[in-house]
Amino acid sequence: MQFSKVTGEKKHHKVVLYALSTCVWCKMTKQYLKDSGIEYDYIDVDLCNDEDKQKIRQEIQSKGGSLSYPTTIVDDKVVITGFRKDKLKEVLEI
Amino acid sequence: MTPITIEQVRKRAEADAQTFGYYLTPDPDLLQGLLDGLKVNEERYGYPSCPCRLASGNFDYDRDIICPCDYRDPDVAEFGACYCRLYVNKDIYEGKTPLPTVPERRPVEKQSRAFGPAAPPSEAKPAAAAEEKDEHIQIGPKLWYCKQCGYVVFREEPPYICPICKAKREMFAEIKTRTDFLG
């Protein structure tokens with residue numbers, strides 16, 4: 001599974017973003033994290049092969065997330081569904 | 001297939017909004033992003049599935065999320081906007097109400113089908129293939145009719161709102177069909 005890394009000066013949280021390449025709210029989340037200087041990894045699920053999609057589904061559901069995009073998982077435990085600036089701000093201390 | 005232009009995607013959405021009394025999202029950047037996503041999906045799958053949902057590429061599995069999706073009418077009625085927020089009501093369009101967050105109404109079983117295998121399964125997954133086949137039979141399409149206007153539809157579940165007379169889902173009943181073999 002090929003995640004893309006976006007570098008940033010704030011690295012104290014592990015941030016993983018599951019996104020869709022076609023989704024405008026996912027793009028806004030990527031941009032917001034980038035502009036806030038947060039380092040994160042993301043993957044565009046719609047561009048993955050079936051095997052990877054299955055793994056991603058298991059991963060998101062095992063963390064208690066729903067299968068909506070964008071899904072941001074912080075430090076392997078906090079799941080944020082949708083582009084929720086308020087929640088991202090709070091969890092990532094932006 | 002003739003390539004679709006962004007203008008065609010926009011015109012189609014505008015016409016649909018007008019027909020149903022909705023508006024397109026007032027934020028120009030958001031609107032552009034949504035139309036771009038619809039265009040990509042139409043080119044990729046052959047139909048404009050929701051840009052904010054994962055499509056399977058299998059038309060039968062994605063039928064409910066082809067824009068305008070099955071969930072638009074109940075979402076606009078309840079939240080003022082559809083899931084991706086392409087379609088909004090008048091108050092949001094005029095800026096009287098802020099753009100809401102709209103939770104996903106699509107059942108998780110339907111979402112799960114997009115996570116493969118959409119293509120013919122490989123020999124390594126015979127069990128998964130059998131499972132998928134069973135699931136398909138269980139939730140196969142049925143005939144439903146609107147008790148208010150008589151509209152008939154062939155799909156897994158009745159629509160949330162009748163597209164003809166706007167009756168609610170409760171007004172739909174299944175048409176039981178029987179095939180007799182007379183000799």
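Residue numbers begin at 1 in each chain, while the letters A, B, ... track the order of the sequences. The analysis underlying the following values was restricted to heavy atoms, covering all of them including side chains, and did not include hydrogens, waters or symmetry mates.
- Heavy-atom minimum distance, Ser21(A) versus Arg44(B): OG-NH2, 3.3 Å.
- Ranked by heavy-atom pairs shorter than 4.5 Å toward chain A, the options Gly33(B), Cys50(B), Cys52(B), Ala55(B) are led by Cys52(B).
- The environment of NZ in Lys89(A) is sparse: at most 12 heavy-atom neighbours from other residues, nucleotides or ligands sit within 6.0 Å.
- The environment of Gln32(B) atom CD is dense: over 12 non-hydrogen atoms of other residues, nucleotides or ligands sit within 6.0 angstrom.
- The choice from Leu67(A), Asp46(A), Val24(A) that makes the most heavy-atom pairs within less than 4.5 Å of chain B is Leu67(A).
- Between Cys23(A) and Pro51(B) there is no side-chain heavy-atom pair separated by less than 4.5 Å.
- Your options are Val108(B), Asn41(B), Val40(B), Asp29(B), and the one with the most heavy-atom pairs under 4.5 Å with chain A is Asn41(B).
- Met1(A) is connected to Ile60(A) through a chain of hydrophobic side-chain contacts under 4.5 Å among Ile, Leu, Val, Met, Phe, Trp and Tyr, so both are in one cluster.
- Within a 6.0 Å radius of CD in Gln2(A), no more than 12 heavy atoms belonging to other residues, nucleotides or ligands are found.
- Sparse packing is recorded around NZ of Lys176(B), with 12 or fewer heavy atoms of other residues, nucleotides or ligands lying under 6.0 Å away.
- Residues from residues 80-90 of chain B that place a non-hydrogen atom less than 4.5 Å from a non-hydrogen atom of chain A comprise Tyr83(B), Cys84(B), Arg85(B), given in numerical order.
- Atom NZ of Lys53(A) is separated from atom CG of Leu54(B) by 5.5 Å, given to the nearest 0.5 angstrom.
- When each of Thr22(A), Thr81(A), Ile56(A) is scored by its heavy-atom pairs under 4.5 Å with chain B, the top score falls to Thr22(A).
- No continuous path of hydrophobic side-chain contacts links Val102(B) to Ile92(B) [ILVMFWY only; heavy atoms under 4.5 Å].
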Derivation and outcome, side chain to side chain contact (heavy atoms under 4.5 Å, CB included), residues Phe83(A) and Thr101(B): CA-CA 9 Å; Phe83(A) 176 42; Thr101(B) 300; over 6 Å; no

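- Around the NZ atom of Lys85(A), the shell of radius 6.0 Å holds no more than 12 heavy atoms that belong to other residues, nucleotides or ligands.
- Annotation for Lys10(A): atom NZ counts as buried by contact number, over 12 foreign heavy atoms lying within 6.0 Å.
- By the 6.0 Å contact criterion, NZ on Lys63(A) is enclosed, its count of non-hydrogen atoms from other residues, nucleotides or ligands being greater than 12.
- Minimum interatomic distance between Glu104(B) and Ser68(A) (heavy atoms only, all atoms of both residues): CB-OG, 3.6 Å.
- Dense packing is recorded around CD of Gln61(A), with more than 12 heavy atoms of other residues, nucleotides or ligands lying under 6.0 Å away.
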